[in-house]
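A short worksheet on the structure shown next.
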Protein chains: 2
Amino acid sequence: MGRPRKFSREQLQDAALALVDARGLAGLSMRTLAAELGTGPMTIYNHVANRADLDVLVVEAVVARADWPQPRGVDWREDVQCIATAMWRAVRAHPHAIPLILTRRSRSPAALAVAEALLDALSRSGRSGQRLLVAFRAVSALVMGFAQAELAGPLAVEAGEAAEAVIRRIRALPRQRYRRLIEIAGAAARSNPEREFRAGLDLLLDGLA
Amino acid sequence: MGRPRKFSREQLQDAALALVDARGLAGLSMRTLAAELGTGPMTIYNHVANRADLDVLVVEAVVARADWPQPRGVDWREDVQCIATAMWRAVRAHPHAIPLILTRRSRSPAALAVAEALLDALSRSGRSGQRLLVAFRAVSALVMGFAQAELAGPLAVEAGEAAEAVIRRIRALPRQRYRRLIEIAGAAARSNPEREFRAGLDLLLDGLA
DNA sequence: ACCTGAACACCGTTCAAGT
DNA sequence: ACCTGAACACCGTTCAAGT
């Protein structure tokens with residue numbers, strides 16, 4: 001049945017994620033991953049089908065690192081909060097990988113496990129079928145959307161930019177035209193990402209209750 | 001003061017978006033855009049700083065096409081729905097461009113206009129400062145998150161895949177381990193994206209009321 | 001000021017050859 | 001079965017030269 005493969009899938013995952021964390025997305029290529037593993041570019045093709053698969057490898061590695069306590073099963077709201085927050089934290093723990101997580105499909109057991117856990121907690125709100133589906137989509141969207149907003153939203157901090165630079169940039173806009181945006185720029189500067197995320201999630205959970 | 005530029009920014013935007021719509025993200029490069037405009041690759045550098053700017057061009061083109069009716073100013077909920085739905089539709093109108101919209105920062109007037117309009121409607125719920133910021137972030141996150149889920153979530157339809165293939169794939173999973181996921185797979189197949197999005201948004205708006 | 005071709009260092013991948 | 005080097009068609013971008 002052939003000799004064992006030179007590298008395990010987990011080894012590839014770890015090496016690919018390490019590269020992205022250290023050098024950014026542009027630092028990951030067939031060639032750099034091969035070099036990292038001390039082999040030639042073509043060897044990677046023994047483990048993935050193509051370049052796109054390399055990105056999926058990174059996504060799986062990040063999602064696999066999401067960890068939440070065993071749901072207590074008392075208050076479904078509390079359990080949804082736990083799982084959603086764990087997912088949000090896992091994504092944010094690897095900022096360079098966020099673009100991939102937002103855009104690459106993964107069907108790893110870890111990805112499915114998060115979905116199932118979330119669905120299970122949400123089902124205890126008394127929902128099933130279409131209504132459970134909508135609740136699941138809404139919570140998932142909120143988690144990914146909050147991670148996305150920090151990366152690319154109008155109030156996002158540019159790479160290497162100071163937080164105050166964002167406020168200055170917003171405040172420099174025409175005052176009449178962007179009144180509200182200028183108004184919240186100050187609040188955005190004083191804000192804490194996790195507190196904001198949890199407050200946003202609470203709004204949705206209020207709607208779900 | 002120099003002669004007029006060979007191409008306007010809008011011309012570049014339109015050509016870049018047309019390329020992405022027709023050939024996918026991989027179809028857009030400095031060279032293909034130049035060819036589309038009937039010139040050489042280096043000419044593009046007279047209009048953008050680098051390749052990353054090309055992506056921003058596409059994002060701006062998509063957001064600029066978002067269009068919503070003048071807010072009626074009666075029911076803030078209705079106005080938030082209008083603006084959020086317009087944004088969601090604009091994003092979905094260019095499926096190939098979605099990865100860019102999720103990951104590239106744009107500061108075009110069009111992008112700021114959506115934010116300001118949304119903030120204005122949300123402020124009429126009686127919020128300001130930190131609370132307005134959280135409401136804004138939550139609604140924005142939901143919009144982008146719903147667009148994202150269709151692209152890369154566990155229930156997303158693969159390129160060229162039939163909708164039923166997703167259900168079959170989910171149903172083939174271990175029944176014990178993924179009980180809820182299998183349960184909602186059927187609902188997902190019968191669902192309509194816009195109805196789902198609006199139902200999800202309604203949940204959040206309920207929480208905001 | 002703006003335009004542009006040649007050249008360079010990268011990239012993913014095909015192919016053919018190794019064990 | 002698995003591994004891998006050479007070669008090819010792409011890519012973004014630097015540089016130098018044009019108007």
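For clarity, every value in this text was computed on a predicted model and none was experimentally measured. Numbered from 1 within each chain, the chains take letters A, B, ... in sequence-line order.
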Secondary structure of DNA chain C in dot-bracket form (Watson-Crick or G-U wobble, distances below 3.5 Å, | marking inter-strand pairs): ||.|||||...|||||.||
Rounded to the Å, how far apart are A/F7 CZ and D/dC2 P? 14 Å
Distance in angstrom units between B/R51 CZ and D/dT13 C1', rounded: 13 Å
Does D/dT4 have its OP1 or OP2 closer than 4.0 Å to a side-chain nitrogen or oxygen of A/T39? yes
Is A/N46 close enough to D/dC2 that one of its side-chain N or O atoms is under 4.0 Å from OP1 or OP2 there? no
Using modelled atom types only, decide if a donor and an acceptor are shared between the side chain of B/R65 and the backbone of B/A61 within a distance under 3.5 Å. yes
Polar side-chain atom of B/T43 near backbone of B/T39 as donor-acceptor pair, under 3.5 Å: no
Closest approach to the side chain of A/S29, judged atom by atom: which nucleotide of C/dG12, D/dC11, C/dC2 is it? C/dG12
For D/dT4, does either OP1 or OP2 sit under 4.0 Å from a side-chain N or O belonging to A/Y45? no
What is the distance from CD1 of B/I44 to C1' of D/dG12, rounded to the nearest Å? 12 Å
Main chain of B/L122, side chain of B/S125: is a donor-acceptor contact present, judged purely on distance under 3.5 Å? yes
Can you tell which of C/dT4, D/dT4, C/dT13 lies closest to the side chain of A/R31? C/dT13
Nearest-angstrom distance from the residue atom CG of A/L33 to P of C/dT13: 13 Å
Minimum-distance nucleotide (side-chain atoms of A/T43 versus D/dC11, C/dT13, D/dT4): D/dT4
Please tell me which of A/A26 and A/M42 maps to the more 5' nucleotide of DNA chain C, matching each residue to the nucleotide holding its nearest heavy atom. A/A26
Among the nucleotides C/dT4, C/dG12, D/dT4, whichever has the atom closest to the side chain of A/K6 is D/dT4
Integer-rounded Å distance: C/dC10 C1' and A/R23 CZ: 14 Å
Which is true for B/M30 with a 4.0 Å heavy-atom rule: it touches a base, it touches only sugar-phosphate, or it touches nothing? sugar-phosphate
Side-chain (A/E196) to main-chain (A/P193) donor-acceptor, under 3.5 angstrom: no
note: B/L37, atom CG; C/dT4, atom C1'; distance rounded to Å ~ 14 Å
Rounding to an integer number of Å, can you tell me how far B/L25 CG sits from D/dG12 P? 13 Å
Flag side-chain contact, heavy atom, 4.5 Å: B/R177 against A/E116: no
Side-chain (B/T32) to main-chain (B/S29) donor-acceptor, under 3.5 angstrom: yes
Heavy-atom closest contact (B/S123 atom, B/L132 atom, distance): N-CD1, 3.7 Å
